[in-house]
Amino acid sequence: MYDFHLHTTFSFDAKSSPKGVIKTAIEKNFKAICFTDHLDYDANIYYKDYDFDIDEYFKTMSELRDKYRDKIEVLIGAEFGVQPSLYEKYDKIAKAYPLDFVLLSIHTVEHHDLAKDGFPEKYEPLEVLKRYYGQMARCVKEFDDFDILGHIDYIDRYFKDKSRMPEFKDYRDYVAEVFENVIKKDKGIELNSAGRRRGLDYFHPKKEALELYYEMGGRVLTFGSDAHVEIDFGKNFDEVIEIAKSIGFKELCIYRNRQRDFVKI
Ligand SMILES: [Zn+2]
Ligand SMILES: [Zn+2]
């Protein structure tokens with residue numbers, strides 16, 4: 001199996017050591033893993049940067065990649081927290097470093113860190129989702145240097161009162177606009193198992209959204225646990241595979257040197 005969304009102590013909010021993750025992955029018989037530590041600039045209302053020393057990251061990760069080469073394939077990626085004001089910054093990083101894989105994630109909308117700054121409470125629920133998916137569609141359309149769009153319904157986690165969450169049919173069009181751009185640009189989305197660990201009873205995206213992606217012709221899909229601690233590595237992947245297969249997906253994607261390969265599931 002393959003886990004293409006993993007955090008380590010290079011991320012401001014993660015506790016897993018890179019070596020610990022690799023050892024866990026070997027124990028669980030994974031064929032390849034990809035580290036995707038956080039680069040989030042201007043991430044909240046105080047314009048805080050959540051980043052790390054990228055040279056140090058590559059030094060550490062490539063040493064480990066070489067050390068464990070015979071046991072597992074270790075790939076080096078990043079999760080870019082994209083906003084319209086940051087395209088150039090991320091373009092420069094993507095060009096300057098030999099990343100295997102880039103996740104585009106929307107963690108911040110209108111300078112509000114979705115996890116902390118109470119954005120879902122700022123407007124009526126449908127207006128919240130319109131602004132969130134609107135920014136996502138815009139970033140996918142305007143920013144090119146990514147491979148996969150991360151955890152598309154991440155915002156659901158941060159509705160304090162889950163009963164305010166509209167039904168999928170009521171905001172399906174916003175999500176469809178995102179997928180339309182993803183598919184047009186030949187990018188993909190991920191099936192991220194973290195939702196269940198973050199107060200939701202589904203993975204990201206929820207099944208209806210994944211079905212919509214498939215119906216619209218989307219076939220590019222990665223699997224990620226989004227683990228921030230070692231015990232969450234590769235979590236619930238049996239169910240992830242089952243859901244993907246039940247919708248019709250026959251392959252998942254892996255990336256090396258920003259090049260995509262399809263692998264049977
Ligand atoms: Zn994320
Ligand atoms: Zn993540």
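Order of listing sets the numbers, starting from 1, for every ligand and every atom in it. One-based numbering along the sequence shown.
- Screening Tyr214, Tyr213, Tyr174 for a ring pair (Phe, Tyr, Trp, His ring centres under 6.0 Å) with Phe179, the sole residue that qualifies is Tyr213.
- No side-chain donor from either of Asp232 and Ser225 sits under 3.5 Å from a side-chain acceptor of the other.
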Tell me, with the steps shown, if Arg196 and Glu239 meet salt bridge (Lys or Arg N to Asp or Glu O under 4.0 Å). CA-CA 11 Å; Arg196 292 268 184 88; Glu239 276 173 274; 3.0 Å; yes
Quick one: do Asn44 and Thr108 satisfy side chain to side chain donor-acceptor pair (under 3.5 Å)? Show the steps, please. CA-CA 7 Å; Asn44 62 15; Thr108 301; over 6 Å; no
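- Of all protein atoms, those that are N, O or S and lie under 2.8 Å from the Zn ion (ligand 2) total 4.
- With no hydrogens or angles considered, a side-chain donor-acceptor pair links Glu190 and Asn192 at under 3.5 Å.
- Relative to the ring axis of Phe101, Arg258 does not place its NZ or CZ within 45° and under 6.0 Å from the centre.
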